[in-house]
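Written out below as structure tokens is the structure these notes cover.
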There are 2 protein chains.
Amino acid sequence: MPSFTSPTKDTQFVLHDVLNIQESGIPGFDELERDFTGAVLTEAGKVADNVLHPLNVVGDKEGCRLENGVVYTPTGFKEAFEQMKEGGWTGLDMPEEFGGQNMPYVIGTAVGEYFSAANQAFTMYQGLTHGAASAILAHGTDAQKATYLPNMVSCEWTGTMNLTEPHCGTDLGLMRTKAELQEDGSYKISGQKIFISSGEHDMAENIIHLVLAKVPGGPEGIKGVSLFIVPKFLVNEDGSLGARNGATVGNIEEKMGIHGNSTCVMNYDEATGYLLGDLNKGMRAMFTMMNEARLGVAMQGLAQAEAAYQNALIYAKDRLQGRDVTGVKNPEGPADPLIVHPDIRRNLMDQKSFAEGARAFVLWGATMIDKAHRSEDKDADGLISLLTPVLKGFLTDKGYDMTVQAQQVYGGHGYIEEWGMSQYTRDARIAMIYEGANGVQALDLVGRKLAQDGGKHVMAFFELVKNFCKENADISEDYAKDFIDPLKSASKDLQAAGMFFMQNGMKNPNHALAGSNDFMHMFGHVCLGLMWAMMAKSAQAALDAGTTDADFYTTKIATGRYYMARQLCSTKLHLARIETGADTVMALDAEQF
Amino acid sequence: MPSFTSPTKDTQFVLHDVLNIQESGIPGFDELERDFTGAVLTEAGKVADNVLHPLNVVGDKEGCRLENGVVYTPTGFKEAFEQMKEGGWTGLDMPEEFGGQNMPYVIGTAVGEYFSAANQAFTMYQGLTHGAASAILAHGTDAQKATYLPNMVSCEWTGTMNLTEPHCGTDLGLMRTKAELQEDGSYKISGQKIFISSGEHDMAENIIHLVLAKVPGGPEGIKGVSLFIVPKFLVNEDGSLGARNGATVGNIEEKMGIHGNSTCVMNYDEATGYLLGDLNKGMRAMFTMMNEARLGVAMQGLAQAEAAYQNALIYAKDRLQGRDVTGVKNPEGPADPLIVHPDIRRNLMDQKSFAEGARAFVLWGATMIDKAHRSEDKDADGLISLLTPVLKGFLTDKGYDMTVQAQQVYGGHGYIEEWGMSQYTRDARIAMIYEGANGVQALDLVGRKLAQDGGKHVMAFFELVKNFCKENADISEDYAKDFIDPLKSASKDLQAAGMFFMQNGMKNPNHALAGSNDFMHMFGHVCLGLMWAMMAKSAQAALDAGTTDADFYTTKIATGRYYMARQLCSTKLHLARIETGADTVMALDAEQF
């Protein structure tokens, strides 16, 4: 059985030593004292480590069960859900007026990492609820907010997002689900939705489905899509539950992982629905929270990598196999621990440098979302919109790879379910797919975000990197050589790729799109390079100030050096690929394959 | 439900157009006429496509079941196994004297690819038998051969390999299983072995376990390990089955994949065993067939990638989603097929260029094994020994990655078990682990094979690449630019990495070992680059000769161009990493992690 300990110390380091959140000037952030966030993170960590983590394997083994229209969640989930509700964890970053605690999104994200790492399938029940509640908060009428939000913030009622249909996922313009206007202003919703996470279950008394559908006679394609609130039980005027609505689970999917979450086929049969936001503006309403939702998935990539890494590390220190070629390290034992071997070390350093870099990247992104919302800062909004596909695509691709590497440390024991490492891989796989498959993220980045507002945001990103390099080049010779130089070089590669797209994408957009996946990855590397340069700077400052915890900070710098030397250089390969353009990619006709 | 068609045409192309096997001068190869191998491959393909493939999903879903010491294989496996036996497929490359068909190893490998692609878990039952039979063939006494081989060649009896114990996998010197000499010259074997593929099942009347164990009082560690034949049922002098031996299944493991194969905990309780080969030379006996066994696993990496790719391609042509940005391709339909999108194309071309390149690499390697055995060619033996860890490590790592990419083409449908893409990923994962985890392959390559016989074999490899480039530089300007130049450049990177190891590994072996994984991968890329250069040359020759199948050959060249432009350049990244040495990899003490 795997173990898990929430990395609170590392989160605190990022929030306070690196991002200096308290001094960031974002409204409300001045209250985020080190002791306060420490207390929140510690309490959240206890829930993650002691309540959610022990149910992770249980959820994987038991899965969800559909019987006569009722979905039963795995043993212990219900009780744990009660504890989440009692602890107030479900409404951490929701407005006080609806029962939330009004904390910044960055704190919700920090805590969410622990919950996801401890039990991703479980945490999705409240994650989807959070997403649905956010959409109602942004687009609902006062009456809708009053009707649904208090119970959703507390997770008395949970929520879902219904986009996908059997024949359309990315291309939602093909949608067939219908919404017919009734005399009372409500709609009758009919159609089938698939892959509905937390679609039906036994942990809440009501489920509020947000459903995309088309009103007949409206505009063609995606421009005729509207968003509807479709409660499982209709809600009476007094707030009590009324009639059972025509929203039923048709099936629960057997999946590669996240077995503890009920992924449902949902059938809507003249179900009563209420328009949320404007008619035919459903996509906009659904995607208002897109940056948050995608950053949440990016965080899942990090979370699974962190959890898998912790276990791989324990195993590498514990398992005795072979001898250190440079000299026996464990003379009393029959062999040395795995961790003496350079290739095991390489594997672990990949994982460690990824997880810590990704944590900084995710939390940095979350503060931008807070800044955009709380300060109504358009530049922050533009920058996080640019970085969202990078966060989502890069961190979930790499997060998955890291779970595979963690599994590899275990040899054969990594392949059998008993040790739990297979589950990290299987669970992490979904994050590359949902909330926009990573190919779509790359397309969004290169086809849309790069040129947004005349390329203003990508220029701002390069400026930010450039200024950081300029301002910190003199910290020390070592720092300049180990951190600033590689960051500059990688950033130059990224700019060269952008230039290639500009020069060649005009002639043929495929010259840009054929390089979109490589561009997303090289952008991710530059962001992690920047994070490591920032973290190393902060760690050096702490050392210079005579910290009593020198080991933590020297380890941090050494881990950063690894990333800069061994990972950041990936930008060269990505650039080389991009610069070959679309010719070899598109050379074959479809029939020639 | 996924589909599968054995790629016989492509195998024929590699065997005859590229490797020119009939003219290779290897004893017996002159009989391998194009029509003959075509007939064998076609018949094997029918078995793979129509008998084994339909049971692949069945095996995954049902798995194996242990009841009262009996292991039941999934529905249909028994009948399919009978068909394999009746068709003579189990002894294809075994000596006629024991009932085999005496074909070269390369034909066994070509056919094995189809069987593995169609159903890896099933094919392992005969694969392990083949391995055990090969060890008896190489090291058994005449009496042992006569007793066991006829029934093993026909798969009336199956075989297993017992190496791993709970506390040791790679480091078999730690082994605890004991073998005590009896008065009659036999041994009593006691101990526990784990991860024993095909360890117990209901498809054969006897199972011949090959078990590594230590004779008490022998040399310490790995030098005191011997190999024993431990039949499930003892065999009487007349060949009939005698007493049940003390070799019993303790448990079957729940695994991430290959559910159709029974992975057993085997308990040996004073089981009667017979020494195979020399006392205390068990590792040598077990590993005589190592190149073959590891090439067989390399082939599995290719096989799963091929099967997954075939399905991803069908889906990409079939699924309508979005529009081609350069102009609508399917105006009658509601959307264009996925395959119009550049990033989907990039994904498919990665898979296609890998699978076809890997097929050539595997078959090329197999001919070297034939040459080494049939011609007793020491150079061929040296070269294949060098390339074995590259084949195994690179092709299974990449093969796995390709199954993940194939799964990604399906979006959400790739994650649910109904479509079968998750199984390819889960099944492919094991090949990176068993038969020596890929980190051990990298260590074998850099720590042992590079310097073997004074570095003679790696020099021979570079010479081979150099000569190929020299001899074919004048085919055409395009060919030189698209194939020869990138191959030269990648080979130069590989040599530079080898040079770095030589110059720095003396001071500290960790400078070489920290780069071992990168070196294995860059070596793999150079090999696939060489394969593509060879294939493109052959394809061009066919076109120049006025082939009637121009489409096949032009597609081949275009696919090769993709690999050379987009994949081979990976050597640059690997070299950059290697040249950072061990400093950042080994910077932390174990306690600092």
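In what follows, chains are A, B, ... by sequence order, proteins preceding strands, each numbered from 1. Note that the structure is a prediction, hence the values are computed from the model and not measured.
- In terms of non-hydrogen atom pairs under 4.5 Å with chain B, the most contact-rich of Ala576(A), Ser516(A), Ser570(A) is Ser570(A).
- Listed by chain and number, the residues in a ring pair (Phe, Tyr, Trp, His ring centres under 6.0 Å) with Phe195(B) are His413(A) (sequence neighbours excluded).
- Side chain of Arg429(A) to backbone of Val404(B): a donor-acceptor contact under 3.5 angstrom is found.
- Of the two parts of Pro337(A), neither the backbone nor the side chain holds a non-hydrogen atom closer than 4.5 Å to a non-hydrogen atom of chain B.
- Proximity to chain B is limited to the side chain of Ile339(A), based on heavy atoms less than 4.5 angstrom apart.
- For Tyr400(A), the part sitting under 4.5 Å from any heavy atom of chain B is the side chain, from C-beta outward, and nothing else.
- Side-chain contact between Leu588(B) and Tyr562(A) is absent, with no heavy-atom pair separated by less than 4.5 Å.
- Proximity to chain B (any heavy atom under 4.5 Å) is shown, for Thr170(A), by both the backbone and the side chain.
- Here the shortest heavy-atom pairing between Thr580(B) and Arg566(A) reads OG1-NE, 3.1 Å.
- Interface summary for chain B: among Leu320(A), Ile430(A), Thr326(A), Leu174(A), the most heavy-atom pairs under 4.5 angstrom belong to Ile430(A).
- Under the ring pair (Phe, Tyr, Trp, His ring centres under 6.0 Å) criterion, Tyr309(B) pairs with no residue at all, not counting sequence neighbours.
- Contacts between Thr571(A) and chain B at a heavy-atom distance below 4.5 Å are absent for every atom of the residue.
- Side-chain atoms of Glu418(B) never come within 3.5 Å of backbone atoms of Glu254(A) as a donor-acceptor pair (strictly under, hydrogens ignored).
- Without hydrogens or angle criteria, Tyr415(B) side chain to Gly257(A) main chain gives a donor-acceptor distance under 3.5 Å.
- Remark: Ile416(A) CD1 to Glu253(B) CD distance equals 4.0 Å, nearest 0.5 Å.
- The greatest number of non-hydrogen atom pairs below 4.5 Å with chain B, out of Leu513(A), Asp324(A), Thr263(A), is found for Leu513(A).
- Neither the backbone nor the side chain of Gln423(A) comes within contact range of chain B; no heavy atoms are under 4.5 Å apart.
- Contacts from residues 436-444 of chain B to chain A, taken as heavy-atom pairs separated by less than 4.5 Å, involve Ala437(B), Asn438(B), Gly439(B) in sequence order.
- For the pair Gln321(B) and His167(A), the minimum side-chain heavy-atom distance is 4.5 Å or more.
- With sequence neighbours excluded, no residue satisfies ring pair (Phe, Tyr, Trp, His ring centres under 6.0 Å) with His259(B).
- Ranked by non-hydrogen atom pairs under 4.5 Å with chain B, the options Pro342(A), Gly322(A), Ala565(A) are led by Pro342(A).
- Neither the backbone nor the side chain of Ser353(A) has a heavy atom closer than 4.5 Å to any heavy atom of chain B.
- At a threshold of 4.0 Å, the pair Arg323(A)-Asp171(B) does not count as salt-bridged, since none of the basic side-chain nitrogens sits closer than that to a carboxylate oxygen.
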